[in-house]
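The structure appears right after this line, and notes come after that.
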Amino acid sequence: MSLSLTDALRKIKGVGPKIETQLNSLNIFTIEDLIFHLPIRYENKTQLNEIKDLDQNQTAHVEGEIVESKIFFPGRRSFLAKITDGTGFLNIRMFYFSQAQAIAFEKGKIVRAYGNVKISGSKIEMFHPSYKVFLLSERPNLDNTYTPVYRTISGLTQFRLKTIIRQALSELNLDDICMKDADDFFESKKIDFPKGREAISKIHMPSIDDDLNQLRTFKHPAQKRLIVEEFAANQVAINISSERINKMKSFDLSSQKLNLESFDLNIPFYPTKAQQKVVQEIMMNFQEKKPMRRLIQGDVGSGKTIVAAAAMNICTQNNKQSVLMCPTEVLAKQHFENFVNWFKDKNISIELLLGKTKKSDKEKIEKKLINGEIDILIGTHTVFQKNIEFKSLALIVVDEQQRFGVKQRFDLASKSQSEEMPHQLFMTATPIPRTLAMTIFSDLDLSIIDELPPGRNPVKTVVLSNDKRLEIVNRLQKVCKDGNQVYWLCTMIEDNDSFDVQSAETSLEWIRENAPELRSELVHSKLSNEEKEKNIIDFRNGLIDILVCTTVIEVGMDVPNASLMIIENAERLGLSQLHQLRGRVGRGPDMDSYCALLYQDPVSENAQKRLEAMKKYSNGFDISEIDLELRGAGELLGLKQSGGIDFKISDISRDAQLLKLSQSLTEKISNLESTKLEKLIDRWIGQDQVYIKAQ
Ligand code: ADP
Ligand code: MG
């Protein structure tokens, strides 16, 4: 028992600087974080399946002798190993593999493989299973517990991560690990949950006697025990922050009123009814002298930015400052350019602040902010660095923040220097399920922009196999000849031996070869800032026809003249991401826009469903429903995207039926001494400080 929860990771045997860095990038900084890095699913490697019994799509564990192994080339480079266990033959196939991996499959050796079974005709195959190769004489034992699978990063193997977690568990005194008052509460209610410490051990190391199906669906009592505590932690945090904020005053911004026909801005269109309604809701809040905290939900392209501009305009009319924070520099610059245009002739000062802004410029901005010489500040999370202070900051707008959990809201609240707390506005394209709106967002007012600007046609979407890519060239040429532009999105920058995907660099070459008359350029994170910026600006100004890019353009990018989006290896992307990306086109009025989703076989069943859903639906709500359904089926687990909150174990839709219990736990513990509550909040929400962490 030599470890304690607050110890540094290096105190664990086997953790050096390299692993520490890897763990840090998973948001794990202390032993407590490590212990609460909970499995996202379980595998059953406790027994073997016979090849003759395998079914289509079954997840199976097989072992057999290698009878043949070879690399196919030319054509699509692939690897095949044929194995037999005496009851039948099975092919292991890989498209992404290294030379070393291929060599390891020596004829006569034994392979143990775990993966999904595909049967076509008489062929039984597994694509990219997880596997071990060994000599018969060195045959390892089968696992004697179910195997937890964790969210990890490349370079840190499941095995290593599991070992480190077990090591920590074995040296830690677990008595204090969960909330004792919660244990007592469950006992008093006669709810048959294990104690917190048992729940933690169980979840990391389930035994063979546990119900695997329960574990896989997160219905095991040990999982429920923790889910209820996690929900309660979030609710307690919300209540504390609400209470605090409700006692605070905020700026009265009612002396001036906007004209709803134009928001008093220089804009070439009329605001939609939905946009006007939301601005009115904001104006109501601005009269109440209490801090507004409002969440605006509107599908991609619904026009959230102008609503933010309207709210900020009210601030400037009332001689107060406001700030707009964006998740990327690309987006911050774009907003800045738009704002300069929208606020033309107003004699107000708008500044852009980015991480890379020159030090001398930064200092100038800092000075002007504190003197009140800047009215509107736009930037990335740099706008909340420690040394940034405002003379009278009345409104904080957070755009497309994928994560705006309780902790962040909490921290924003403490940003205020003056007695008056700034109003807060959050904007997201992610649909908020009702259960979420009622619980985790219960302290926020919700506004919905449920209408797209007029003249928007749905983006016509086609799904195409990679071998048919030549078919796109015609469309490409036609679109550009008509004066429109194209995004060409790739999931990787450069070619990589272990992934057989179309990289941005290869695609650019291919485009230049096949459509030499079109102007195509690259944008990705490895380019220098100058190059990246030049290409984005040129694209915006119509000097580039085709922008070959990575997901750096995913959120917010707005070039209304772009009408064709091509996405390579669309099978690798999640549904909400695909929807965000497709939302980059179809932004101009009355034009036809297209999206081509290219895929590379083999495509998993779920990926296929994702692509079909994209073809069929254009609305964010429909897409999110399918997304939920598919993720429920197990594929994208671990990306707990419900409304952009990172839970450690809970999932608001899956676990909705536990919310009531967690609510009564919350009531029960709300009056406990604050140190206990702080500990609870720290444990579950602790390191989740995304943009407020001082740098
Ligand atoms: P999002 O909600 O995805 O952030 P944006 O704010 O980027 O959407 O708006 C998408 C595009 O629609 C922009 O080019 C914007 O100028 C335009 N737009 C916004 N509101 C209207 C409107 N009422 N009428 C016409 N175009 C609009
Ligand atoms: Mg936007």
Side-chain angles (χ1 to χ4, degrees), residues 258-280 294-313 324-344 378-380 397-402 404 425-432 447-459 484-485 487 536 539-542 552-563 565 576-591 593 618-621 623-624 644:
L258 283 190
N259 171 1
L260 288 175
E261 302 275 286
S262 66
F263 299 154
D264 295 340
L265 294 169
N266 171 38
I267 46 174
F269 48 76
Y270 288 109
T272 60
K273 281 270 168 303
Q275 287 168 324
Q276 296 185 13
K277 182 193 72 197
V278 175
V279 171
Q280 262 173 324
R294 185 169 285 283
L295 174 63
I296 301 181
Q297 197 273 324
D299 205 353
V300 276
S302 62
K304 294 183 285 293
T305 322
I306 200 76
V307 171
M312 294 168 89
N313 197 16
L324 169 59
M325 190 187 80
C326 314
T328 65
E329 300 204 336
V330 171
L331 196 51
K333 279 202 72 152
Q334 174 185 294
H335 283 344
F336 175 72
E337 282 159 24
N338 277 331
F339 271 57
V340 167
N341 197 8
W342 293 338
F343 284 83
K344 208 164 75 186
I378 298 176
T380 50
V397 185
V398 181
D399 187 22
E400 294 290 2
Q401 187 60 54
Q402 300 304 315
F404 44 94
L425 196 57
F426 303 91
M427 305 200 291
T428 181
T430 313
I432 316 290
S447 287
I448 297 177
I449 306 184
D450 51 5
E451 175 187 11
L452 291 180
R456 295 282 173 80
N457 299 326
V459 181
N484 288 116
Q485 292 162 282
Y487 291 102
I536 287 180
F539 186 66
R540 189 159 290 146
N541 293 333
V552 289
I553 62 130
E554 181 180 341
V555 281
M557 182 105 167
D558 183 42
V559 178
N561 193 45
S563 70
M565 164 69 71
S576 61
Q577 204 174 11
L578 287 169
H579 178 63
Q580 273 283 352
L581 288 166
R582 182 173 58 183
R584 299 309 112 215
V585 296
R587 302 189 143 233
D590 295 317
M591 68 186 200
S593 305
S618 55
N619 177 310
F621 275 103
I623 298 221
S624 74

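Ligands are counted one by one from 1 in listed order, and the atoms in each one are counted from 1 as well. Since we're looking at a predicted model, the values are computed, not measured.
A parallel orientation is assigned to the rings of F339 and F343, their planes being inclined by less than 30° (bins at 30° and 60°).
Results of the side-chain hydrogen bond (donor to acceptor under 3.5 Å, both in side chains) test with Q580 over Q577, R582, R584 single out R584 as the only residue that passes.
Taking both residues in full, the closest heavy atoms of A429 and K304 are given as CB-NZ, 4.0 Å, listed atom of the first, atom of the second, then distance.
Counted within 6.0 Å of OH on Y270, heavy atoms from surrounding residues, nucleotides or ligands total 12 or fewer; the atom is thus considered open.
Checked for salt-bridge contact, R587 and D558 meet the test: a charged N lies under 4.0 Å from a carboxylate O.
Closer than 4.0 angstrom to ligand 1 lie heavy atoms from F269, Y270, P271, T272, Q275, D299, V300, G301, S302, G303, K304, T305, P453, R456, D558, P560, R587.
A donor-acceptor pair is defined here as one N or O able to donate and one able to accept, closer than 3.5 Å; no such pair exists between the side chain of Q275 and the backbone of I306.
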